[in-house]
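See below for the structure under consideration.
So you know, we letter chains A, B, ... as the sequences are listed, proteins then strands, and number each from 1.
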Amino acid sequence: MNCASPARVDRAYGGIDPQIGSAMHDIRTIRENPAAFDASLARRGLQGLSAQVLVLDEDRRGKILAAETATAEQNRASKEAGAAKGRGDEIEFERLRAEVAVKKAAIQRLTEEAAAQDQALRDLLMGIPNLPLDAVPDGKDETQNVEIHRWGTPRDFDFTPKEHFDIAGVIPGMDFATAAKLSGSRFVVLKGAVTRVHRALAQLMLDTHVEDHALTETWTPVLVKDEAMYGTNQLPKFAEDSYQTTNGWWLIPTAEVTLTNSVAGEILDEVLLPIRMAGHSQCFRSEAGSSGKDTTGMLRQHQFEKVEMVTICTPQTALAEHDRMTKCAEAILEKLGLPYRTIVLCTGDMGFGAQKTHDLEVWLPGQQKYREISSVSTCGSFQARRMNARFRPNGGGKPDYVATLNGSGLAVGRCLIAVLENGQEADGSVTLPAALHPYLHGKTKITAEGTLS
RNA sequence: GGAGAGGUGGCGGAGUGGUCGAUCGCGCCGGUCUCGAAAACCGGAGUGGGUUCACGCCCACCGUGGGUUCGAAUCCCACCCUCUCCGCCA
């Protein structure tokens, strides 16, 4: 098992081959208003792509016209040949047959040219990120994100709070040495009380989403085919971030992949929407490119647990669903009494597929910083176009692309860190949030010796 | 791992070389009938692309990619996927 080689990833898009009109960006929209397209991308720091797109598109259409005209002529000749044969006119049949044979080579060349132009345009469009919504603030990097909400007050410690891996009561339950022996760096072995709290957190999250937020609990594979990774745009651009098995499966970096792709290729009746799911899974990330970052502790691991939320809805309701999903994630932190802030990412800091993203950052006293614990994005129809996921409007009519949203609710490991750091006491014990007590059968703290009590 | 079956329109399911983009059933939309509905009857409707002011016309699509042929859903080759049985196994 290793990171994919580029050759491996270069294959076709599985069974769900997007057409030009649905290659993440609608070519007609660009044709109709190239200035608006450029203006949106300029906010992401990309310059004047529409000219390049339109030149390619025009060339492509010219080639298609030539190829299709020639094909139509051949089809007509073939049909006439059949008719001639039918009425026993051998001379006419032979003449038409020869005519078709002559055209064949030219048609093949024209068709190949048209297909090449079509592919070139698709490749170009595939590499262009989603367009930010108007409500997204402009900015070039994370320093220009905008805080929109803040909850809770960081606790006033009368001692210097430690990072999670230095807390006395945590040390026996968080074994990096053994993990290194088994698997290398960026892994952890959890033991005893810490494991129990970790498990309790995941249960609390799932129960809250199911009971309070009406999300449908969903359990999925963590090994997926290429096409699922294309659907949620881990492929083809970000192959080096994920792991692949020897027989070609990918280990999901997030359950967003499976939950979102569950509707790939479908035409859903509008009455079924919105579909709101929550799933708890292992996640696997190579963390290529983050070497040196967060190397100590379990903040950034190759394998971690996350409860993921995914919503499939109509484009018209996507923004309202985005706010709803953000609240679902915030509710977990509030139940746990963990101070956090919500920020809206600026245009320069958003992920490739997002139209708008809210990040939740939880207060980590050991670092004296707010750190990301959830990222909630609406992708509009961007992923739906790749997956060919559509809905049929109420009352009939042409199918339209659904909107897809995803968000962490929450990263379990990071949430564990937050609980441990925020609840730590001067003596090395950890006071646990009341919301967890039922899941711990009444236990309320981790002692300085590392046991539940 | 071994053996077999199969991939066709929203769904089910026909179709083995020539008006097949595709019979039929269900479901869907419109209409007749009805106070209204059901039933019955009549009619309509695939997806994507190109072209046109428009009506329309053209091209592609029966898992994917090649091949044979004047002509392929139908024949040949390769690949992918699904299912069934056997074996192994949590």
**Message:** For a stem of at least 3 consecutive Watson-Crick or G-U pairs with distances under 3.5 Å, i pairing with j, i+1 with j-1 and so on, which stems involve RNA chain B?
**Reply:** B:1-7 with B:80-86, B:10-12 with B:24-26, B:28-32 with B:40-44, B:46-51 with B:56-61, B:63-67 with B:75-79
**Fill in**
Atom CG of A:Leu272 and atom P of B:rC11 are separated, to the nearest Å, by 14 Å
**Request:** Please state the P separation for the pair B:rU74 and B:rG17 - nearest whole angstrom.
**Result:** 11 Å
**Prompt:** When the P atoms of B:rC57 and B:rA22 are considered, how many whole Å apart are they?
**Reply:** 13 Å
**Asked** Under 6.0 Å between ring centres, would you say that holds for A:Phe284 and A:His302?
**Response** no
**Item:** Rounded interatomic separation in angstrom, taking CD from A:Glu80 and P from B:rU19
**Value:** 16 Å
**Prompt:** Counting side-chain heavy atoms from C-beta on, which of B:rU47, B:rC58, B:rG10 comes nearest to A:Ile267?
**Reply:** B:rG10
**Request:** Rounded off to whole Å, could you give me the CD1-to-C1' distance for the A:Ile107 and B:rC70 pair?
**Result:** 12 Å
**Message:** If I take atom CZ in residue A:Phe93 and atom P in nucleotide B:rU69, what distance separates them, rounded to the nearest angstrom?
**Reply:** 12 Å
**Message:** Just the rounded figure in Å: distance from P of B:rU64 to CG of A:Asp226.
**Reply:** 17 Å
**Request:** Consider the side chain of A:Arg60, meaning its heavy atoms from C-beta on, and name the nucleotide among B:rG50, B:rC70, B:rC59 that approaches it most closely.
**Result:** B:rG50
**Request:** Tell me yes or no: between the side chains of A:Ser377 and A:Lys356, is some donor less than 3.5 Å from an acceptor?
**Result:** no
**Message:** Within the supplied structure, the quantity of interest is the number of heavy atoms (other residues, nucleotides, ligands) at a distance under 6.0 Å from A:Glu58 CD; does it exceed 12?
**Reply:** no
**Prompt:** Is any side-chain N or O of A:Asn75 closer than 4.0 Å to OP1 or OP2 of B:rA60?
**Reply:** yes
**B:rC11 versus B:rG48 - spacing of their P atoms, nearest Å** = 15 Å
**Euclidean distance for C1', B:rA73 against B:rC61 (whole angstrom)** = 11 Å
**Asked** Can you tell me how far P in B:rC76 sits from the matching atom in B:rU68, rounded to whole Å?
**Response** 15 Å
**Message:** When the P atoms of B:rG15 and B:rG63 are compared, how many Å lie between them, rounded to an integer?
**Reply:** 15 Å
**Message:** For A:Gly62 and A:Ala77, find the nucleotide of RNA chain B closest to each by heavy atoms; which residue's nucleotide sits nearer the 5' end?
**Reply:** A:Gly62
**Request:** Kindly state each residue pair satisfying side chain to side chain donor-acceptor pair (under 3.5 Å) with at least one member in residues 185-205 of chain A, sequence neighbours excluded.
**Result:** A:Asp175-A:Lys191
**Asked** Can you tell me if the side-chain N/O atoms of A:Arg31 get under 4.0 Å from OP1 or OP2 in B:rG50?
**Response** yes
**Request:** Report yes if at least one side-chain N or O of A:Arg61 is closer than 4.0 Å to OP1 or OP2 of B:rU51; otherwise report no.
**Result:** yes
**Shortest side-chain distance from A:Thr71, nucleotide among B:rG49, B:rC70, B:rC59** = B:rC59
**Message:** What I want to check is whether the side chains of A:Lys335 and A:Thr208 have a donor and an acceptor closer together than 3.5 Å.
**Reply:** yes
**Prompt:** Does a side-chain N or O from A:Arg28 land closer than 4.0 Å to OP1 or OP2 of B:rG50, or not?
**Reply:** yes
**Polar side chain donor-acceptor pair, A:Glu113 to A:Gln117, under 3.5 angstrom** = no
**Message:** Can you identify which nucleotide, out of B:rG48, B:rG71, B:rU82, has its nearest atom closest to the A:Arg390 side chain?
**Reply:** B:rG48
**Prompt:** Rounded to whole angstrom units, what separation is found between the CD atom of A:Gln108 and the P atom of B:rU68?
**Reply:** 9 Å
**Request:** To the nearest 0.5 angstrom, please state how far the CG atom of A:Asp359 sits from the CZ atom of A:Arg371.
**Result:** 11.5 Å
**Request:** Just compare B:rG71, B:rC81, B:rG48 and give me whichever is closest to any side-chain atom of A:Lys398.
**Result:** B:rG48
**Prompt:** Looking at the side chain of A:Leu65, which of B:rC59, B:rG50, B:rG10 is the nearest nucleotide?
**Reply:** B:rG50
**Message:** Among B:rC70, B:rC59, B:rU82, which nucleotide has an atom closest to any side-chain atom of A:Lys225?
**Reply:** B:rU82
**Separation of the C1' atoms in B:rA14 and B:rC20, to the nearest angstrom** = 12 Å
**Request:** Would you tell me whether A:His437 and A:Thr444 have side-chain atoms, one donor and one acceptor, within less than 3.5 Å of each other?
**Result:** no
**Request:** Assign each of A:Thr69 and A:Lys104 to its nearest nucleotide of RNA chain B by heavy atoms, then name whichever residue's nucleotide is nearer the 5' end.
**Result:** A:Thr69
**Prompt:** With rounding to whole Å, what would you report as the distance between B:rC77 and B:rU82 at their P atoms?
**Reply:** 23 Å
**Prompt:** So does A:Arg392 get a side-chain nitrogen or oxygen closer than 4.0 Å to the phosphate oxygens (OP1/OP2) of B:rC29?
**Reply:** no
**Prompt:** Is A:Lys445 atom NZ crowded by more than 12 heavy atoms from other residues, nucleotides or ligands, each under 6.0 Å away?
**Reply:** yes
**Request:** Let me know the distance between CD of A:Glu227 and P of B:rC81, rounded to the nearest Å.
**Result:** 9 Å
**Request:** Please state how far atom CD in A:Glu73 lies from atom P in B:rU51, giving the value in whole angstrom units.
**Result:** 17 Å
